[in-house]
Structures are given as C-alpha cells and as structure tokens.
Q: 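One structure, as structure tokens, below. Some questions next.
In this text, all values refer to a predicted model and were calculated from it rather than measured experimentally.
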Amino acid sequence: MAARTSTSRGINLWEVVINPTNLKCSSLPLLSLRNQYSINFHLAWVGFFVAFLSWFAFSPLIPDVIKKDLKLTSEQVGNSNVVSLCATLGVRLIVGPLVDRYGPRKVMAGLLVIGAIPSGLAGTAHSAMGLYLVRFFIGILGGTFVTCQAWTTAFFDKNVVGTANALAGGWGDAGGGVTFVIMMALYNGLLSSGLMPSVAWRAAFVIVPVPCLLLAATAIMVFGTDHPAGKWSDRHKAIAHGHAGPESDHASEVEKAYATPDETTDDPEKKGGLADIQVTVEPVQDLNMVSELDHAVNEPLTLRLALKVASTPLTWLPALAYITTFGFELAMDANLAGVFLSLDKSKSIGQTQAGYMACIFGFMNFFTCPFGGYLGDLAYRRWGVPGKKYLMISLGIAQGLLAIGLGMYIDNHQDPSLAVVIVMIAIVATTGEASKGVDFSLVPHCNPCSNGFMSGIVGATGNLGGVINALIFRFQPAPVGRAFWMTGIIAVGINLLITTIRVPRV
C-alpha cells in the first residue's frame, strides 16, 4: 500500500482519497469493495433498506387482506399506521444518543436483531389491538435511519458527505417501494400454492423480513468497522492525526492507520481497513473552506449538551424541513394504495395493482434523493452551507405547491384520471425526495459534535410529520384531494418559516 498526494476533485467512484485532518474519505469509492469506506457505506444503506422489509410490510396488504382477516374498520387501519409512526419517533430520539456513545455499527446491528422478534410474531395478531402492538414494536426498525446517516457522516468528508448521506438514505428509503413489490408477489405466490389468505399474509412475514434482518445484522458486525480510526473509542485519534505535522507526516499517519493486520494487530475492530486499500492523501485545503465539521468528533450526550443542541435554532432547520418531506413520504407509503383504490370508480384495479402503483413513490428514492444530495454538494462548493439551505427550502416549497395542485385537481374532477394522478404524484415525489437529499447533506453541518443526537432529532421530526400527515389522511378520507392540498399548505408554510434560520458559512 502506498499513500500519495492527489489534487483530484469531483466524484471519484474508485480511488480512496483521504483527508489527513480527520481520516475521512473525500471521494466516493463506491464501486470498489477493497476499502473500509465503501464497505461501511454499503452496509449502512443495506441495514436501513432491510428494515423497510418489515417496517412497511403491512402497507401493501392491510388495505384488503389484513383488513378483512382481522375485521378492521378504515379508522382502525389508519390508527395502526399512526401507532407505527409514533413508535419510530420515540426510538429515533433514543437511538441518537446511543450512536454518539457506542457508534452506529453496533447500534444498527442491535436494532435489526431486536426488530426481527416482533417481525416474526406479526402473524400472531388476530385483532385490532394485536395489530397495534405488533406494528408498535416493529416500528423500532425505523431507528436504523439514524445509524445509517451517522455511519456515513463518520466516514465521508464535507465535500462529498451530502452525496454519501443522500445515496445511503435514498437507497435505504427505496426499501419502502421494494417492500410493496416483494410482499405482494410473495403473498400472491403463497395463494397460488394453496394457502388461505389468512395464512398467506402471516407466512410472508416469516419468509422474507426476519431472515433478511438477521443476515444484515450479522454482515454489519462481521464486515463493518466503527470509525476510520478503528474502534469507536479511538475516534478522537483521527483528529490527533490532523495535528501531527506537515503533509508527509500525514501520509505516514494514514499509512499506519490503514496498515494490514500483520503490520498492526489482528483485532478486526482495531485495524482501520483492508490490506489492499489504495490510499491517496489530499493536500491541505483552502483555509477559506475550513469548517467545524473538519475537526468534529461525536461526544457522549449529557443533559447540558442536549439542552444546548435543542435550544439552537440551527438544529431545527433540517428537522422542520424533514417534517414536510419524509413526513409526507411516510403518509404516501401508508395510504397511496388506498387512495388509488378509492379513485378507481370502475373497480378495474385490485389490491395487487394498487400496491404496485403505490410503490412508485418509494422506488424513486433510488435516484431522486441521491440527486438532491449531489446538488447539495455542488451548492456547497460554490455558496457554502447557505447554498444547501436555500436549495432544500426551494425544493420543499415546490413539493408543497405541487401537492396543492394535485389535491385541487382531484377535488375539481368527479372522475379524476388515474394516469394524471400518478404522473403528478411522481413529480411531487421528485421535488420532495430531492429536498430530502439536500436535507441529508445539511445535517452534518448542524451540531457536528452531536451528529447522532442531531440525526435522531431530524429522524424523529420526520416521523412526527408522518403522524401529522397520516392523521390528515385519516380524518379527511373524502374527498381525498383535500388531504393532499392540506399537506401541501403545511409544507409551503414550514419552508417559508425556516428561511429565517441562519447557518454557518462553511
């Protein structure tokens, strides 16, 4: 292994470029699996992705088969959606401080194992109350968002952290769309094999979500690492390297940090990377772009620190914006299949078709959210943190205006075209999910020494938005367009409000 200097800029999908100040990667070597940065990146989004396989598994099945099997009313279905979101809201607030103390890798693996238990017991629900309990505890899996974002923030430098966070978050969120397809296909396959509907939906939970959760947790513990410096307890050493001396000394320190096990230790938690890693050391950056993020290290949460973070207006900039983006997305994932069924006056589509149509919103995260994070990084290079702020707000307002337009279209047409509705929803999803990607790129700049707690707050407020929007759809079932334009008005109002919050220059 050799450490060499690079002056390359932009996205580099193969080469590992290390910032010697903090040992973070300032490239995105996602196409190579011979370094710890790409391995941990992929483990982060996969861990978040598989959580959706259980967390959102009810959404495609509950409007029809589960509702009939458990003899639920429409109100009880809506209540179960709210219960699930409330559970995740609380878990994310708890997970944030745990990440700051123990690191994201161990916490994510723990959440996946714990979440597999109620997932395996999903079939034991035989009443509305049983459904509420199962969905409440499965909601624990939503806490993996916090670990996903904190993990990528710990490994990627400020010039690419927006793209890295948005890629991991977007690909993870896309699990919501994939879950629709998997659960519908599996359920229909089990029906074709001769199982009764009441048995088929219960078996589906055991066949897919549980094994995937346990396999992902195992991979995270076996192949993942806590921090570029090695163990989570050694994270402060990365910053110490940045003060070791001139660039040649930095190269030496980086080589030491990424030496092979034979050169340092056989403990997989202590070694910084893999034997074949190709390291490139960045030169010292423009002093005008020196940020608090360069030297920030996650610190254990104390009451004093928690009060400081909570009382800082900057904390609530990405948090309030997330109410309008991910909050709306959660409501869509839970209600969109039902919306399509209610708009289909001719009854030409059933549960399966409605589920496949609804998965579009989640699937678009594969592209729209990462694109937003990439735009956030571009805006940062030219205008600093304010560029990310105003880009996020502009996209959020666009989402709100489009949702208002969608709602008015539905309300003003006695028989609205499903094709038009689907296209409009896709456009709403594009702006909202891109805004969410910029949001992910902004979070690392807000209270960087409490990134876990900060990610927990943002994630929790997103779920709060999901609860608010779910209640709107719950109490405004007809005409359905009213629910859309009400959520759109909330999005526009909140995004206009947060324009007053000041941000650091870099």
Q: Should Tyr132 and Ser80 count as side-chain neighbours, where that means a heavy-atom distance under 4.5 Å?
A: yes
Q: When rounded to the nearest 0.5 angstrom, what distance separates CG in Leu93 from CG in Leu89?
A: 6.0 Å
Q: For Val506, is there any backbone N or O sitting under 3.5 Å from a side-chain donor or acceptor partner on Tyr380?
A: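 Yes.
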Q: Can you tell me how far the OG1 atom of Thr368 sits from the NZ atom of Lys436, to the nearest 0.5 Å?
A: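 Atom-to-atom, Thr368:OG1 and Lys436:NZ are 7.0 Å apart.
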Q: Stepwise, does the side chain to side chain contact (heavy atoms under 4.5 Å, CB included) test hold for Phe155 with Ile39?
A: CA-CA 11 Å; Phe155 277 85; Ile39 289 175; over 6 Å; no
Q: With a 3.5 Å distance limit and no angle check, can you tell me whether Tyr322 reaches the backbone of Ala460 through a side-chain donor-acceptor pair?
A: no
Q: Please evaluate residues Ser441 and Asp377 with respect to the criterion side chain to side chain donor-acceptor pair (under 3.5 Å), reporting the C-alpha separation (whole Å), side-chain torsions for both, the decisive distance (0.1 Å), and the verdict.
A: CA-CA 7 Å; Ser441 78; Asp377 283 339; 5.2 Å; no
Q: To the nearest 0.5 Å, what is the distance between CG (Leu43) and CZ (Arg105)?
A: 9.5 Å
Q: For the residue pair Pro313 and Arg502, establish whether any side-chain heavy-atom pair is separated by less than 4.5 Å.
A: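 Of all side-chain heavy-atom pairs linking Arg502 with Pro313, none is under 4.5 Å.
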Q: Could you tell me if the side chain of Val503 sits less than 4.5 Å from the side chain of His445, heavy atoms only?
A: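 Counting from C-beta outward, His445 and Val503 never come under 4.5 Å.
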Q: I'd like to know whether Asp100 forms a side chain to side chain donor-acceptor pair (under 3.5 Å) with Asn298, so could you lay out the CA-CA distance, the side-chain angles of the two residues, the decisive distance to 0.1 Å, and finally the verdict.
A: CA-CA 5 Å; Asp100 286 329; Asn298 295 57; 2.8 Å; yes
Q: Can you check whether Ser435's main-chain N or O pairs, donor with acceptor, with Asp439's side chain at less than 3.5 Å?
A: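 Not at all, since once roles are kept as given, no pair shorter than 3.5 Å links the two residues.
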Q: Tell me, do Leu317 and Cys446 make a side-chain contact under 4.5 Å, heavy atoms counted?
A: no
Q: If the test is side-chain contact (heavy atoms from CB on, under 4.5 Å), which one of Ile140, Val107, Thr144 qualifies with Leu112?
A: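 Of all the options given, the one that passes is Thr144.
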Q: Would the distance check show the side chain of Thr153 and the main-chain N or O of Pro444 forming a donor-acceptor pair, the cut-off being under 3.5 Å?
A: no
Q: Give the intermediate values and the outcome of side chain to side chain contact (heavy atoms under 4.5 Å, CB included) for residues Met332 and Phe484.
A: CA-CA 10 Å; Met332 289 297 94; Phe484 281 101; 3.6 Å; yes
Q: Taking all heavy atoms of Pro104 and all of Thr147, pick out the closest pair and write down the distance.
A: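 In this case the closest contact between Pro104 and Thr147 is CB-O, 3.5 Å.
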Q: Of all the heavy-atom pairs spanning Leu141 and Gly115, show the shortest one and how long it is.
A: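 Heavy atoms only, the tightest pair is CD2-CA, 3.7 Å.
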Q: Give a yes or no on whether the backbone of Ile18 and the side-chain of Ser26 come within a donor-acceptor separation of less than 3.5 Å.
A: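 Checking the backbone N and O of Ile18 against the side chain of Ser26, no donor-acceptor pair under 3.5 Å is found.
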Q: Taking the side chain from Thr179 and the backbone from Ala57, do they hold a donor-acceptor pair closer than 3.5 Å?
A: no
Q: Give a yes or no answer on whether the side chain of Lys389 reaches the backbone of Ile501 with a donor-acceptor pair at less than 3.5 Å.
A: yes
Q: So Asn463 and Arg92, side chain to side chain donor-acceptor pair (under 3.5 Å) or not? Walk me through it.
A: CA-CA 9 Å; Asn463 270 80; Arg92 287 181 170 183; 2.8 Å; yes
Q: Please give me the minimum heavy-atom distance between Gly170 and Pro370, naming the atom from each residue.
A: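 The pair with the smallest heavy-atom distance is CA-CD, 4.4 Å.
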Q: For Phe440, run the ring-ring contact (aromatic ring centres under 6.0 Å, His included) check against Phe145, Phe48, Trp171 and tell me which one passes.
A: Phe145
Q: Report the residue from Asn40, Thr163, Asn165 that forms a side-chain hydrogen bond (donor to acceptor under 3.5 Å, both in side chains) with Thr152.
A: Asn165
Q: Between Phe473 and Val339, is there a side-chain heavy-atom distance shorter than 4.5 Å?
A: yes
Q: Counting only heavy atoms from other residues, nucleotides and ligands, does the tally under 6.0 Å from CZ of Phe137 exceed 12?
A: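 For Phe137, atom CZ is not crowded (no more than 12 foreign heavy atoms under 6.0 Å).
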Q: Which distance, rounded to the nearest 0.5 Å, do you find between the CD1 of Ile138 and the OG of Ser54?
A: 4.0 Å
Q: To check you understand the geometry: which heavy-atom pair defines the closest contact between Leu343 and Val480, and what is its length?
A: CD2-CG1, 3.7 Å
Q: Please tell me if the side chains of Ser84 and Trp55 come closer than 4.5 Å, counting only heavy atoms from C-beta onward.
A: yes
Q: Could you state the interatomic distance from CD1 (Ile490) to CZ (Phe328), rounded to the nearest 0.5 Å?
A: 11.0 Å
Q: For Phe58 and Phe205: C-alpha separation, side-chain torsions, deciding distance, then whether ring pair (Phe, Tyr, Trp, His ring centres under 6.0 Å) applies.
A: CA-CA 9 Å; Phe58 280 98; Phe205 273 85; 4.6 Å; yes
Q: Taking the side chain from Gln399 and the backbone from Thr324, do they hold a donor-acceptor pair closer than 3.5 Å?
A: yes
Q: Of the non-hydrogen atoms in Gln76 and Leu72, which two are nearest, and what is the gap between them?
A: OE1-CA, 3.3 Å
Q: Please answer whether the main-chain N or O of Asp411 pairs with a side-chain N or O of Arg482 as donor and acceptor at a distance below 3.5 Å.
A: no
Q: Is any side-chain heavy atom of Glu433 closer than 4.5 Å to a side-chain heavy atom of Phe361?
A: yes
Q: Can you tell me how far the NE2 atom of His227 sits from the NZ atom of Lys24, to the nearest 0.5 Å?
A: 7.0 Å
Q: Indicate yes or no: at least one non-hydrogen side-chain atom of Tyr37 is less than 4.5 angstrom from one of Leu28.
A: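 Not touching, per the 4.5 Å side-chain cut-off.
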Q: So, the side chain of Thr499 versus the backbone of Leu496: is there a donor-acceptor pair under 3.5 Å, distance only?
A: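 Flag set: sc Thr499 to bb Leu496 pair under 3.5 Å.
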Q: For Ile360 and Ile422, run side chain to side chain contact (heavy atoms under 4.5 Å, CB included): C-alpha distance rounded to whole Å, both residues' side-chain angles, the deciding distance at 0.1 Å, then the answer.
A: CA-CA 9 Å; Ile360 294 172; Ile422 291 172; 3.8 Å; yes
Q: Could you go through the side chain to side chain donor-acceptor pair (under 3.5 Å) check for Glu329 and Asn365 one step at a time?
A: CA-CA 10 Å; Glu329 183 179 338; Asn365 274 297; 2.7 Å; yes
Q: Verify the neighbour count for atom CZ of Phe371: are there more than 12 heavy atoms of other residues, nucleotides or ligands below 6.0 Å?
A: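 Atom CZ in Phe371 is not crowded, with 12 or fewer foreign heavy atoms closer than 6.0 Å.
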Q: Yes or no on side chain to side chain contact (heavy atoms under 4.5 Å, CB included) for Leu418 and Met357, after CA distance, side-chain angles and deciding distance?
A: CA-CA 10 Å; Leu418 272 180; Met357 290 160 60; 4.3 Å; yes
Q: Which pair of heavy atoms, one from Asn469 and one from Ala331, lies closest together, and at what distance?
A: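 For Asn469 and Ala331, the tightest heavy-atom pair comes out as CB-CB, 3.5 Å.
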